[in-house]
Amino acid sequence: MEEHKEESPNDEIRVSESEPEPELNDSEINETIEQLCRSKAEEFHLIGYDQVTGADVWECVSDKYHKKGTPQLHEVVNDILSLKVTQFMNFITLSMYRGEIRK
């Protein structure tokens, strides 16, 4: 009887030792963050929140950075991509009560 070994998809994944990625300059980082915020706003549009803009998303996400300072890029990206509509609406509601909302 011949033994048959099935290959799993993980067997083909190899970590290559390549050169490190070049670092982004400030304008490239800002452009990337703006695109992520627009993408999150578009996601909110799909579930019925049509008035949300990328600037609104950034205002919500960056609100907590005023106290601690801006974190590393991967944390900012995570904060944008993991933003839930309930968190966003809570931020908007509190901002309205405080009189801080943009018109």
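Note: hydrogens, waters and symmetry copies are ignored here, and every other heavy atom, side chains too, is used. Bear in mind the structure is a predicted one, so any value in this text is a computation, not a measurement. Each residue takes its place number in the sequence, starting with 1.
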Out of curiosity, [X] [atom1] to [Y] [atom2], how far, rounded to the nearest 0.5 Å?
{"X": "F91", "Y": "L83", "atom1": "CZ", "atom2": "CG", "value": "10.0 Å"}
{"X": "I92", "Y": "Q87", "atom1": "CD1", "atom2": "CD", "value": "12.5 Å"}
{"X": "C37", "Y": "I80", "atom1": "SG", "atom2": "CD1", "value": "4.0 Å"}
{"X": "K40", "Y": "T53", "atom1": "NZ", "atom2": "OG1", "value": "14.5 Å"}

Any pair with a residue in residues 77-87 that passes salt bridge (Lys or Arg N to Asp or Glu O under 4.0 Å), sequence neighbours left out, goes on the list, sorted by first then second residue, please.
K64-D79
Sequence-distant partners of [X], side chain to side chain contact (heavy atoms under 4.5 Å, CB included), two or more places apart:
{"X": "K68", "result": "none"}
{"X": "N25", "result": "S27, E28"}
{"X": "L94", "result": "R98"}
{"X": "S62", "result": "W58, Y65"}

Under a 4.5 Å cut-off applied to non-hydrogen side-chain atoms, are T32 and V77 in contact?
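They are not in contact (no side-chain heavy atoms under 4.5 Å apart), so the answer is no.
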Taking the side chain as every heavy atom from C-beta outward, state whether F88 and D56 have any atom pair closer than 4.5 Å.
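A side-chain contact exists here, since the closest heavy-atom pair is under 4.5 Å.
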Which residues satisfy the salt bridge (charged side-chain N to carboxylate O under 4.0 Å, His left out) test with E75, sequence neighbours excluded?
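If we apply the salt bridge (charged side-chain N to carboxylate O under 4.0 Å, His left out) test to E75, skipping adjacent residues, there are no hits.
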Check whether any side-chain N or O of S82 sits under 3.5 Å from a backbone N or O of N78 as a donor-acceptor pair, and report yes or no.
yes
With a sphere of 6.0 Å drawn around CD of Q35, does it hold more than 12 non-hydrogen atoms of other residues, nucleotides or ligands?
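Correct, the count exceeds 12.
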Count the heavy atoms of every other residue, nucleotide or ligand shown that sit under 6.0 Å from CG of D50, and state whether that count exceeds 12.
yes
Do Y49 and M96 belong together in a cluster built from hydrophobic side chains that touch within less than 4.5 Å?
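Both belong to a single hydrophobic cluster.
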Single hit among V57, V85, I47 for side-chain contact (heavy atoms from CB on, under 4.5 Å) with V52
V57
